[in-house]
Amino acid sequence: MKPAPVLNSSSVATLLSSSWKKLSFFLLLIFPVIFLAAQDTTATLTGPVSASQLNSHASEKFNHSPNKKRVLLITGINVAGYGSSLIALNSAWYKGYAKTTFHTFDDSREWLQVDKAGHAWGAYNASRGTTAMWDWAGLPHKKAVWIGGLSSMAYLTTIEFMDAYSAKWGWSWSDIGANIFGSGLFMGQEFLWNELRIQYKFSFHHKDYGEQQLEQRADNLFGKPWYERMLKDYNAQTYWLSFNLKSFLKDSNLPAWLNVSFGYGADGMLGGFENKWTDDADNEISRTDIPRKRQFYLAPDIDFTKIKTNSRFLKTTFAVLNSFKFPAPALMLDNKGKFKAYAIYF
């Protein structure tokens with residue numbers, strides 16, 4: 001299916017572009033966290049290595065004394081990581097489309113804003129991972145937060161500029177707003193509490209569309225392999241704000257790892273704005289009989305950064321896992337009034 005010009009706000013073009021963006025977010029997040037967790041210098045920490053824990057231990061661990069070699073190393077990693085990913089993104093996607101002058105388009109109502117939640121998740125976790133790298137380099141913690149948060153926003157803004165000069169897309173103010181929210185959620189907590197009491201997490205499940213026509217539409221929109229569906233299928237994604245109870249209730253006897261999470265997702269979306277499309281034979285398809293629904297979730301969760309371990313492997317695993325919602329029972333309420341309980345939801 002060929003995407004329409006951006007001035008007509010093509011939902012397919014937007015979806016594919018967003019997939020590349022989220023893949024870039026994910027790679028930028030995972031690499032710094034794994035890098036830090038693998039360092040011998042983190043062995044003195046009693047818990048898993050993550051931005052949250054590194055930040056809370058910053059004064060005792062790094063002693064606010066920059067290590068020149070580490071600063072140069074992290075600078076090189078950031079320049080190489082940001083630069084190479086932008087080059088790869090341009091070559092793999094933008095290079096195949098016509099260029100134009102700077103222009104904007106409004107995609108704020110597409111996909112019931114689930115894609116914007118994804119932007120915020122990427123910005124939050126990129127800021128978290130990048131800040132952890134600068135903490136490891138020995139920068140004063142507040143300076144590490146500023147550099148980590150702002151550099152992540154700068155990277156995402158650069159991608160938005162690439163959209164703005166591509167004929168198939170455009171500058172999206174709602175994308176920018178979501179990026180600012182994600183980085184701001186991370187930076188604000190660090191400046192206010194010097195720790196991450198609220199984690200921004202992601203979950204995904206395979207969705208069965210039930211009918212052959214709908215499955216074909218989903219394959220065309222979201223791809224067939226699970227990893228494409230994970231990035232593109234907004235009907236199967238949920239984004240969570242996960243609150244660590246012990247951090248807010250310091251004197252309680254609650255387990256340090258126990259979180260309560262509030263999730264947002266959507267269902268019934270077979271196009272960016274509406275459930276109408278043209279199939280491969282140029283037939284107009286309308287499935288307005290399928291309601292597009294916002295879904296709100298409540299579920300327990302685990303903050304893996306609060307689980308103590310001296311295992312470097314587990315530290316690495318926990319650091320990565322803390323970006324994702326732990327499978328658990330959940331309650332769901334949608335905006336059509338439907339209530340549902342899940343024994344396990346992810």
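Count residues from 1 along the sequence.
- Between the CG atom in Asp303 and the OG atom in Ser261 there is a gap of 9.5 Å [rounded to 0.5 Å].
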Next on the checklist: Could you go through Phe262 and Phe243, starting from their C-alpha distance and side-chain angles, then the distance that decides it, and tell me whether this counts as ring-ring contact (aromatic ring centres under 6.0 Å, His included)?
Outcome noted: CA-CA 8 Å; Phe262 301 91; Phe243 293 75; 5.7 Å; yes

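- Counting only distance, with no hydrogens or angles, the side chain of Asn283 and the backbone of Asp279 share no donor-acceptor pair below 3.5 Å.
- Here Lys232 does not pair with Asp115 in a salt bridge; the nearest charged N to carboxylate O distance is not below 4.0 Å.
- A continuous path of Ile, Leu, Val, Met, Phe, Trp and Tyr side chains, each step under 4.5 Å between heavy atoms, connects Leu241 with Leu192, placing both in one hydrophobic cluster.
- Between Asn220 and Arg217, the side chains place no donor N or O within less than 3.5 Å of an acceptor N or O (distance only, hydrogens not considered).
- Of the possible donor and acceptor atoms, none in the side chain of Asn244 sits under 3.5 Å from a partner among the backbone N and O of Asn259.
- Remark: Lys207 engages Asp267 in a salt bridge, criterion side-chain N to carboxylate O under 4.0 Å.
- To the nearest 0.5 Å, the span separating NZ on Lys201 from CG on Asn125 amounts to 10.0 Å.
- Salt bridge annotation for Lys116-Asp175: present, with a cationic side-chain nitrogen under 4.0 angstrom from a carboxylate oxygen.
- Put simply, the side chain of Asn235 gets close to the backbone of Gly268: a donor and an acceptor are under 3.5 Å apart.
- Of the possible donor and acceptor atoms, one in the side chain of Gln189 sits under 3.5 Å from a partner among the backbone N and O of Leu185.
- Side chain of Arg294 to main chain of Leu112: a donor-acceptor pair is present (N/O by atom type, distance under 3.5 Å, no hydrogens or angles).
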Next on the checklist: Apply side-chain contact (heavy atoms from CB on, under 4.5 Å) to residues Met332 and Phe296 and explain how you reach the verdict.
Outcome noted: CA-CA 6 Å; Met332 185 277 290; Phe296 305 92; over 6 Å; no

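- Ring geometry for Tyr234 against Trp111 counts as tilted: the plane angle lies between 30° and 60°, on a 0 to 90° scale.
- In this structure, the side chains of Asp280 and Gln216 come closer than 4.5 Å at one or more pairs of heavy atoms.
- Salt-bridge annotation for Arg287 and Asp289: present, with a side-chain N of the basic residue lying under 4.0 Å from a carboxylate O of the acidic one.
- Asp301 contributes atom CG, which lies 4.5 Å from atom NZ of Lys325 (distance to the nearest 0.5 angstrom).
- Arg128 and Ser323 share a side-chain donor-acceptor pair at under 3.5 Å.
- With no hydrogens or angles considered, a side-chain donor-acceptor pair links Tyr345 and Thr238 at under 3.5 Å.
- The environment of NZ in Lys99 is crowded: more than 12 heavy-atom neighbours from other residues, nucleotides or ligands sit within 6.0 Å.
- Aromatic rings of Tyr239 and Tyr264 (six-membered ring for Trp) have centroids beyond the 6.0 Å cut-off, not under it.
- Of the N and O atoms on the side chains of Gln237 and His205, not one donor lies less than 3.5 Å from an acceptor on the other residue.
- Relative orientation of the Trp171 and Trp173 rings is perpendicular, given thresholds of 30° and 60° on the angle between their planes.
- For the atom pair CG (Leu214) and CG (Leu270), the distance works out to 5.5 Å, reported to the nearest 0.5 Å.
- A donor-acceptor pair shorter than 3.5 Å can be found between the side chains of Ser127 and Ser183.
- With rounding to the nearest 0.5 Å, the separation of CG in Asp163 from NZ in Lys168 is 13.5 Å.
- The distance from the OG1 atom of Thr157 to the CD1 atom of Ile180 is 7.0 Å, given to the nearest 0.5 Å.
- Counting only N and O atoms by type, the side chains of Tyr209 and Asp233 include a donor and acceptor under 3.5 Å apart.
- A salt bridge does not link Lys246 with Glu195: none of the charged nitrogens is closer than 4.0 Å to a carboxylate oxygen.
- Seen from the ring of Trp226, Arg229 does not count as a face-on cation partner, given the 6.0 Å and 45° thresholds.
- By the rule that hydrophobic residues join a cluster once side-chain heavy atoms approach within less than 4.5 Å of another member, Phe191 and Met153 end up as members of one cluster.
- A ring-centre distance under 6.0 Å is not found for Trp134 and Trp136.
- For the residue pair Thr158/Tyr82, the side-chain donor-acceptor check at 3.5 Å is not satisfied.
- A distance-only check finds a donor-acceptor pair linking the side chain of Asn78 to the backbone of Ile74 [under 3.5 Å].
- The closest donor-acceptor contact from the side chain of Arg292 to the backbone of Gly271 lies under 3.5 Å.
- For the residue pair Thr288 and Asn275, no side-chain donor N or O sits within less than 3.5 Å of a side-chain acceptor on the partner.
- Residues satisfying the ring pair (Phe, Tyr, Trp, His ring centres under 6.0 Å) test with Phe181, not counting sequence neighbours, are none.
- Side-chain contact, Trp240 with Ser203: a donor N or O sits under 3.5 Å from an acceptor N or O.
- For Lys68, the NZ atom sits in a loose shell: 12 or fewer heavy atoms of surrounding residues, nucleotides or ligands are nearer than 6.0 Å.
- Between the side chains of Gln295 and Tyr297, at least one donor N or O sits under 3.5 Å from an acceptor N or O.
- In this structure, Phe339 places its CZ atom where more than 12 heavy-atom neighbours from other residues, nucleotides or ligands lie under 6.0 Å away.
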Next on the checklist: Please determine whether ring-ring contact (aromatic ring centres under 6.0 Å, His included) holds for the pair Phe105 and Trp169, giving the CA-CA distance in whole Å, both sets of side-chain angles, and the decisive distance to 0.1 Å.
Outcome noted: CA-CA 7 Å; Phe105 81 120; Trp169 297 282; 8.8 Å; no

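- By the 4.5 Å heavy-atom criterion applied to side chains, Val71 and Thr75 are counted as neighbours.
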Checklist entry - side-chain contact (heavy atoms from CB on, under 4.5 Å) between Ser85 and Tyr155: does it pass, once the steps are laid out? => result CA-CA 10 Å; Ser85 64; Tyr155 171 79; 2.9 Å; yes

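- Judged by the 6.0 Å and 45° rule, Lys306 forms no cation-pi pair with Trp257.
- Side-chain N or O atoms of His103 include one that pairs as donor or acceptor with a backbone N or O of Ser166 at under 3.5 Å.
- No side-chain donor from either of Thr309 and Ser311 sits under 3.5 Å from a side-chain acceptor of the other.
- Using a 4.5 Å cut-off on side-chain heavy atoms (C-beta onward), Thr131 and Ile147 make no contact.
- Using a 4.5 Å heavy-atom cutoff, the side chains of Tyr200 and Ser242 are not in contact.
- Residues that satisfy the ring pair (Phe, Tyr, Trp, His ring centres under 6.0 Å) test with Tyr165, not counting sequence neighbours, are Phe102.
- In the hydrophobic clustering of this structure, Leu298 groups with Leu254; members are Ile, Leu, Val, Met, Phe, Trp, Tyr whose side-chain heavy atoms approach within less than 4.5 Å, directly or through other members.
- In this structure the side chain of Leu196 reaches within 4.5 angstrom of the side chain of Gln199, judged on heavy atoms.
- Taking 4.5 Å as the limit, every side-chain heavy atom of Ile285 sits out of range of all side-chain heavy atoms of Lys276.
- Both Tyr227 and Phe222 belong to a common hydrophobic cluster when Ile, Leu, Val, Met, Phe, Trp and Tyr are linked at side-chain heavy-atom distances under 4.5 angstrom.
- The hydrophobic cluster containing Ile344 does not contain Phe204, counting ILVMFWY residues as joined when their side-chain heavy atoms lie under 4.5 angstrom apart, directly or transitively.
- Inspection of the Asp106 and Ser108 side chains reveals an N or O donor paired with an N or O acceptor under 3.5 Å.
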Next on the checklist: Run His141 and Glu190 through side-chain contact (heavy atoms from CB on, under 4.5 Å) and show every step you take.
Outcome noted: CA-CA 9 Å; His141 180 58; Glu190 291 294 353; 3.2 Å; yes

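- In terms of modelled atom types and a separation under 3.5 Å, the side chain of Glu160 and the main chain of Ile176 share no donor-acceptor contact.
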